[in-house]
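Down below is the structure, laid out as structure tokens.
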There are 2 protein chains.
Amino acid sequence: MTTARERPTLEAVARRAGVSRATVSRVVNGSTTVAEPIQEAVRRAVQELGYVPNLAARSLVTQRTDSIALVLPETATRVFSDDQFFPGIIRGVSQELEAADKQLVLMIAGSAASHARVERYATGRHVDGVMFASVHGADPLPSTLVRSGIPVVCSGRPMGQVSVPVPYVDVDHIGGVAKAVRHLLELGRRRIATIAGPQDMIAGIDRLAGYRDELRDSGRRSLIAVGDFTRESGALAMRQLLDDDPDLDAVFVASDLMAHGALRTLREAGRRVPEDVAVVGFDDIEMARYTDPPLTTVRQPIQEMGREMTRQLLRMAAGEDIGHAVVLPTELVLRESA
Amino acid sequence: MTTARERPTLEAVARRAGVSRATVSRVVNGSTTVAEPIQEAVRRAVQELGYVPNLAARSLVTQRTDSIALVLPETATRVFSDDQFFPGIIRGVSQELEAADKQLVLMIAGSAASHARVERYATGRHVDGVMFASVHGADPLPSTLVRSGIPVVCSGRPMGQVSVPVPYVDVDHIGGVAKAVRHLLELGRRRIATIAGPQDMIAGIDRLAGYRDELRDSGRRSLIAVGDFTRESGALAMRQLLDDDPDLDAVFVASDLMAHGALRTLREAGRRVPEDVAVVGFDDIEMARYTDPPLTTVRQPIQEMGREMTRQLLRMAAGEDIGHAVVLPTELVLRESA
DNA sequence: CTGAAAGCGCTAACAA
DNA sequence: TTGTTAGCGCTTTCAG
């Protein structure tokens with residue numbers, strides 16, 4: 001038996017302090033309209049009894065829980081993979097939530113079952129709002145939640161039909177790519193290829209779109225290979241590009257991890273970077289500074305995205321009506337590879 | 001305004017279906033003692049109204065929330081660091097919780113403020129139990145929670161005074177080290193050093209103790225340098241060991257990451273592994289298979305630790321009295337380095 | 001400034 | 001098998 005001696009209730013504290021439940025409640029919640037000596041007595045009783053408010057009872061009447069869910073729609077393995085996307089988001093979210101004195105609850109929801117459980121949890125009002133760190137393809141969960149009246153914000157523009165618009169925060173993929181490609185053009189590169197990301201994620205789609213737009217504007221032909229954001233796929237895609245056009249002199253790679261793979265392939269093929277082939281990545285992950293040569297890449301403010309997402313959510317939870325989308329700027333970081 | 005039209009209550013569903021609240025509750029909770037046609041009617045009403053039970057109200061009366069917290073007492077940055085400890089734990093925990101249809105809520109609690117918030121959250125009975133993925137030094141939170149009557153289990157034996165015993169699951173560090181050292185002895189190594197981990201973590205302490213015990217039993221002298229489980233510290237410690245005793249012919253390193261650093265130092269010092277110096281690590285992280293040479297190491301069942309911890313917690317939450325500690329076996333994995 | 005009273009939405013005896 | 005009733009522990013008018 002867990003010797004959990006009966007937990008004291010407000011009632012018990014009230015009796016002990018010789019006041020009413022209402023008064024205890026006021027003191028516990030920091031109301032200033034209670035006479036100092038009474039406050040004192042109540043606080044002592046709370047102390048002596050080891051009273052802790054029952055949150056379920058409280059939120060039953062207040063309709064708030066003061067906690068917010070951040071859903072990581074991935075398996076544990078992917079959440080904890082190389083790149084620092086999730087930690088960045090979490091840090092940003094934590095900062096804002098800390099400031100607002102709300103509790104962050106993280107939910108990993110890679111499987112269908114856990115997806116369903118998250119839905120129950122959120123629609124059951126266990127949390128005051130839900131944020132999604134990344135959204136997959138046309139995952140219906142965000143809009144389901146929106147429809148049920150829960151405040152929701154996604155990081156990353158959700159794809160799919162917008163029967164219900166889901167608020168989101170994203171970074172300016174297209175603008176970032178534009179800067180990258182223009183930089184390559186200014187370097188005098190003539191034959192600029194790309195290694196694109198998976199086309200079922202907005203990051204993959206937008207970054208490819210940005211490349212296409214920019215090349216079209218400069219009147220050049222596209223040269224595209226598709227990877228899945230992993231190092232291996234980058235190496236493979238680079239091999240393929242080289243086969244398709246041995247004369248290429250630059251490549252924009254839609255993620256640093258893939259760019260790392262591409263560098264390896266280029267080295268194996270005897271191409272010098274950046275002399276023969278200039279390489280630009282995207283993400284500015286830690287590792288980009290340690291590749292050989294260090295990677296010119298596009299930096300996105302991941303942490304800021306987490307913060308902005310949280311600010312929006314808190315506003316919504318407070319009943320404010322808010323704008324539907326926020327897009328944060330990206331920035332080109334020059335290093336030796338281009 | 002978030003157009004959250006009034007959420008329907010049990011009452012509303014009952015009226016609509018022309019039955020009592022109790023009956024609706026029974027259907028919603030899957031009681032079999034309700035006539036089929038009535039179940040049908042209730043389900044239709046639920047559907048039409050889009051009814052979702054209010055979890056706060058439910059847990060107010062049931063005294064359960066069907067969700068369990070897993071506290072990660074680290075900053076986001078450390079949680080998402082190289083080694084796969086946390087993901088392993090999370091995977092194990094998720095599996096068991098999924099089977100029990102409980103919701104996992106992850107809480108990152110690196111700061112003091114978040115520590116306090118976790119305490120409020122748990123003692124406020126927002127969750128039915130709390131697990132700790134790793135415990136730091138003499139963190140008082142686990143025992144605080146135990147004292148307040150909440151089921152708690154730690155992964156990793158908690159240090160510090162045991163005014164209240166905290167249940168835990170750990171791996172057999174000492175046994176694992178014993179196997180490693182004995183292996184080196186059987187290889188005929190005479191001068192076996194160690195690179196120990198930080199002495200404010202149980203893993204650091206136990207692994208050093210294991211080394212000491214085993215060397216003492218074989219009548220040899222200890223040779224010790226201390227690192228902090230990082231690669232760099234391992235490289236440094238190895239340098240120091242070589243300076244202390246150039247004749248050493250084996251080293252047991254308390255973590256694979258440090259062992260990786262040590263390998264680099266050995267190579268730089270012109271020592272061949274394993275010919276001149278045999279190296280054994282601990283953890284069996286992914287990378288151990290890709291070092292040069294691949295690392296002989298001690299494998300610990302991380303995921304199993306998560307599972308076992310969860311099983312214990314669920315038993316406690318169900319009111320069972322349970323054993324206080326569980327220790328899982330470790331295993332020596334032979335590769336080329338020793 | 002304090003207390004009495006009325007629920008918040010749900011479950012679980014207990015009757016019928 | 002179904003309904004009635006009494007709360008779970010808290011906040012919040014509304015009087016005093």
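Residue numbers begin at 1 in each chain, while the letters A, B, ... track the order of the sequences. What you are looking at is a predicted structure, and each value in this text was computed from that prediction instead of being measured.
Not counting sequence neighbours, the partners of D128(A) by the side chain to side chain donor-acceptor pair (under 3.5 Å) test are T65(A). Evaluation of the side chain to side chain contact (heavy atoms under 4.5 Å, CB included) rule for Q95(B) yields Q303(B), R307(B) as partners, not counting sequence neighbours. With sequence neighbours excluded, the residues forming a salt bridge (Lys or Arg N to Asp or Glu O under 4.0 Å) with R21(A) are E11(A), listed by chain and number. Listed by chain and number, the residues in a side chain to side chain donor-acceptor pair (under 3.5 Å) with D139(A) are H115(A) (sequence neighbours excluded). Scanning for side chain to side chain donor-acceptor pair (under 3.5 Å) contacts around Q39(A) gives R43(A), with sequence neighbours left out. Residues that satisfy the ring-ring contact (aromatic ring centres under 6.0 Å, His included) test with Y121(B), not counting sequence neighbours, are H126(B). Listed by chain and number, the residues in a side chain to side chain donor-acceptor pair (under 3.5 Å) with R15(A) amount to none (sequence neighbours excluded).
Sorted by first then second residue, the salt bridge (charged side-chain N to carboxylate O under 4.0 Å, His left out) pairs that include residues 45-63 of chain B, not counting sequence neighbours, are R16(B)-E48(B).
With a heavy-atom cut-off of 4.0 Å to chain B, the contacted part of DNA chain D has its first and last nucleotide at dT1(D) to dG9(D).
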Run the side-chain donor-acceptor check on residues 69-77 of chain A: report pairs under 3.5 Å with partners two or more places apart or on a different chain.
| from | atom 1 | to | atom 2 | distance (Å) |
| --- | --- | --- | --- | --- |
| E74(A) | OE2 | H136(A) | NE2 | 2.8 |
| T75(A) | OG1 | R78(A) | N | 3.3 |
| T77(A) | OG1 | R91(B) | NH1 | 2.6 |

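Overall bending of the helix from dC1(C)-dG16(D) to dA16(C)-dT1(D), expressed as the angle between end axes built from five pairs apiece, is 40° (10° steps).
When each of V19(B) and T23(A) is assigned the nucleotide of DNA chain D with its nearest heavy atom, V19(B) is the one assigned upstream, toward the 5' end.
The two residues A56(B) and S59(A) make their nearest non-hydrogen contact at CB-OG, 3.5 Å.
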What string of B, S and - do you get for nucleotides 6-16 of chain C, 5' to 3', when a contact is any protein heavy atom under 4.0 Å? B-BBBBBB---

